[in-house]
Protein chains: 2
Amino acid sequence: MADINVSPAQRRPLSGTAVTGAEPAGREPAYELIELMFFAYRDFVGDPDHVLERYQFGRAHHRVLHFVFRHPEIRVADLLDILKITKQSLARVLKELIDQGFILQKEGQVDRRQRLLAVTDKGKALALELAKLQTERFARAIAQSGTTRDQAVRFLYAMIDPERREDVTRMITQADRALRGKER
Amino acid sequence: MADINVSPAQRRPLSGTAVTGAEPAGREPAYELIELMFFAYRDFVGDPDHVLERYQFGRAHHRVLHFVFRHPEIRVADLLDILKITKQSLARVLKELIDQGFILQKEGQVDRRQRLLAVTDKGKALALELAKLQTERFARAIAQSGTTRDQAVRFLYAMIDPERREDVTRMITQADRALRGKER
DNA sequence: TCGAATATGTCAACATGGCTGACATAAATG
DNA sequence: CATTTATGTCAGCCATGTTGACATATTCGA
């Protein structure tokens, strides 16, 4: 397989000990990992891009569709918080997703100021199609790299800013619960 | 808090694995991995962003600086091939990097049509500073996730489109050789 | 040696998806 | 009832991608 990993001079702190950062001093730059991350992510988001062209959607649409799909009846403010964009940026792509019938808005029951967002059947179908593409890439990568799915999860999780990890965990588990509750 | 980052035995599969009967596609969507990849990459590129603000540079500048640093005397055409952007897009950011003294151009020796690109000392310093930030994130992630560096490399490598992997491997090893040859 | 191909640069226009600032509206809340 | 909150919207700017057309210098092949 990959004899890509032939860096010498790199046998140190990566094992146990310092959970909080290790010495920032003389570490060799991890060019290989940096570049692999760049190319991996490019291909990871590249798959959906082709499909999205059919509807003249871009990556911004994909992100909105995905997180609305995963969080049915999500409030606009919460979606903005996940995406970390402004409402003006969201408005453009959201309008197109609504106009083309992928997402719909409902007035909040308890708070009628809220416009709760959810995918339509059409939106769900597209979100699933895109998720499937990316899932297959992960499945291939895990199988071919000899890693376990769990290791991949832990590794990617640990790449996230420590302060944000709890939020991410909560978000994912909540979404899973909500979707499981809906479908079963 | 159902923490993602616990030992494998304790984790229940949030998605995947479960063979729940007649799936139309077979595999459960790996929402967890998809979203972790999204957040991980966001933070991965987020670190350099702050530093780049000092020079009013964006991510496009970062990518150009990085690959020119890694491939001294690279031809414009080869840089475009790595970045997969048009020469017009490159021109804008490259001009700023040259004007501010981070990159310089030399006329090709064998082919005088070529404008070979290389970083200046100033450019090298910035490229190293940015690479160091991302290296530290990887080191933390590897240590905290209990993966090996090698597993991370193999996993990210396997996330790349199969047809592209050989090119990526060749590019990385060539760059490593070139840089080692220069510095030692 | 000359014409074609190549490497690069540049001008112009446009698309996408970020941003800020200002303001409007409806509903909740004290 | 006044204020706050949730959301929408208009207007304009910025960064970074695109296509198309064309210019220049240099190399290369017949």
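Below, chains carry the letters A, B, ... as their sequence lines are ordered, and counting in each starts from 1.
In this structure, CG of Leu94(B) is placed 11 Å from C1' of dG9(C), rounded to the nearest angstrom. Taking atom CG of Leu117(A) as the reference point, atom P of dA6(D) lies 15 Å away to the nearest angstrom. When the P atom of dG17(D) is taken as reference, atom CG of Leu52(A) falls 19 Å away, rounded to whole Å. The CG-P distance, from Leu116(A) to dG8(D), rounds to 11 Å in whole Å. Spacing between atom CD of Glu73(A) and atom P of dT7(D) amounts to 13 Å, rounded to whole angstrom units. The interatomic distance linking Leu90(B) (CG) with dC11(C) (C1') rounds to 16 Å, in whole Å.
With sequence neighbours left out, Phe38(B) forms a ring-ring contact (aromatic ring centres under 6.0 Å, His included) with Phe67(A). Partners of Gln88(A) under the side-chain contact (heavy atoms from CB on, under 4.5 Å) rule, at least two apart in sequence or in another chain, are Thr86(A). With sequence neighbours left out, the ring-ring contact (aromatic ring centres under 6.0 Å, His included) criterion links Phe155(A) to no other residue. Residues satisfying the salt bridge (charged side-chain N to carboxylate O under 4.0 Å, His left out) test with Arg112(A), not counting sequence neighbours, are Glu107(A). In this structure Leu133(A) satisfies the side-chain contact (heavy atoms from CB on, under 4.5 Å) test together with Asp47(A), Val51(A), sequence neighbours excluded. Every ring-ring contact (aromatic ring centres under 6.0 Å, His included) that His61(B) has, sequence neighbours left out, goes to Phe57(B). With sequence neighbours excluded, no residue forms a salt bridge (charged side-chain N to carboxylate O under 4.0 Å, His left out) with Arg115(A). In terms of the salt bridge (charged side-chain N to carboxylate O under 4.0 Å, His left out) criterion, residue partners of Arg59(B) (sequence neighbours excluded) are, by chain and number, Asp49(B).
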Quick tally for nucleotides 23-30 of chain D: nucleotides whose base has a protein heavy atom under 4.0 Å get B, sugar-phosphate-only ones S, the rest -, giving --BBS---
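Lys84(A) comes within 4.0 angstrom of sugar-phosphate atoms only, judged by non-hydrogen atoms across all strands, and of no base.
Checking side-chain atoms of Arg137(B) against main-chain N and O of Val45(B) turns up no donor-acceptor pair under 3.5 Å.
Counting only residues at least two apart or on different chains, the salt bridge (charged side-chain N to carboxylate O under 4.0 Å, His left out) pairs with a member in residues 77-87 of chain A are Arg75(A)-Asp78(A).
Tracing side-chain contacts under 4.5 Å through hydrophobic residues (I, L, V, M, F, W, Y), one never reaches Ile74(A) starting from Leu116(A); they form parts of separate clusters.
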Distances for protein N or O near nucleotides 12-17 of chain C N or O, under 3.5 Å:
from	atom 1	to	atom 2	distance (Å)
dG17(C)	OP1	Arg59(A)	N	3.3

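Sorted by residue number, the list of members of residues 75-83 of chain B with any non-hydrogen atom under 4.0 Å from DNA chain D is empty.
Of the side-chain N and O atoms in Thr86(B), none sit less than 4.0 angstrom from OP1 or OP2 of dG17(D).
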